[in-house]
K.L.:
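Got a structure for you, questions after.
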Amino acid sequence: MNIFRLFGDLSHLLAIIILLLKIWKTRSCAGISGKSQILFAIVYTSRYLDLMTTYISAYNTFMKIVFVATSYATVFLMYMKFKATYDRNHDTFRIEFLIVPAVILALVINQEFTVLEVLWTFSIYLESVAILPQLFLVSKTGEAESITSHYLFALGSYRALYLLNWVYRYYAEDHYDLIAIVAGLVQTVLYCDFFYLYITKVLKGKKLQLPA
Amino acid sequence: ENYIKSKDEL
């Protein structure tokens with residue numbers, strides 16, 4: 001464990017808490033993409049199957065359970081409890097166009113052809129594009145509530161911090177995982193446009209308005 | 001050992 005990964009995980013946890021608070025407090029999931037939340041639930045389910053087989057640390061197990069539980073809770077809140085506030089008309093990204101290529105790529109490019117490894121690789125590839133429906137929704141509605149942009153900033157920062165963690169591990173532990181690094185780069189690059197808007201607008205108290 | 005190293009991340 002290193003400071004980059006710890007802050008990355010905390011930023012990830014913060015993002016999930018911000019989202020749950022936003023939905024619970026405002027009793028609305030307007031502006032949030034349910035499709036991205038479904039993708040995150042798939043990502044954590046396919047990545048954390050090793051919860052059953054491998055114990056790494058209490059922290060690792062605890063965080064995995066939290067991520068899986070909160071991702072399903074968010075999907076439940078969006079599609080059941082606060083279903084009436086779900087923005088179905090704008091949340092139209094075809095997630096099969098993300099899932100199918102991730103499955104194919106995981107079958108072709110992986111570290112070893114076992115069930116756990118291919119599922120883990122699939123989850124890495126899917127996570128790198130899982131935010132696209134959310135960014136697509138924000139671009140379609142042309143704006144985002146500030147709480148939603150804080151959520152996106154925390155979520156984008158988590159993988160950016162993981163990139164620093166991988167640099168650190170390469171030099172300090174002589175360890176690296178190219179699949180995770182390349183996917184992490186793609187994932188972080190997708191946020192660049194948003195990061196720019198967040199820093200130049202939201203932090204100045206303005207609303208996040210995308211140029212129409 | 002190698003498994004733990006590469007899969008100890010979330």
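Chain naming here is simple, since letters A, B, ... match the order of the sequence lines and numbering starts at 1 in each. Keep in mind that the numbers below use all heavy atoms, side chains included, and drop hydrogens, waters and symmetry copies.
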K.L.:
Taking all non-hydrogen atoms of both residues into account, name the closest pair between A:Arg27 and A:Phe82 and its distance.
P.N.:
O-CD2, 3.5 Å
K.L.:
Got a sec: does the CZ of A:Phe136 have more than 12 other heavy atoms crowding it under 6.0 Å?
P.N.:
yes
K.L.:
Tell me, with the steps shown, if A:Gln134 and A:Val138 meet side chain to side chain contact (heavy atoms under 4.5 Å, CB included).
P.N.:
CA-CA 6 Å; A:Gln134 178 64 59; A:Val138 171; 3.6 Å; yes
K.L.:
Would you name the heavy atoms of A:Val118 and A:Glu112 that are closest together and state the gap between them?
P.N.:
CG2-O, 4.2 Å
K.L.:
In terms of heavy-atom proximity below 4.5 Å to chain B, should A:Glu173 be classed as side chain, backbone, both, or neither?
P.N.:
both
K.L.:
Taking only heavy atoms into account, what residues of residues 39-49 of chain A are found under 4.5 Å from chain B?
P.N.:
A:Arg47, A:Tyr48
K.L.:
I need the A:Leu135 CG to A:Leu210 CG distance, nearest 0.5 Å.
P.N.:
9.0 Å
K.L.:
Under the side-chain contact (heavy atoms from CB on, under 4.5 Å) test, which residues partner A:Leu20, sequence neighbours left out?
P.N.:
A:Ile16, A:Thr70, A:Thr74, A:Leu77
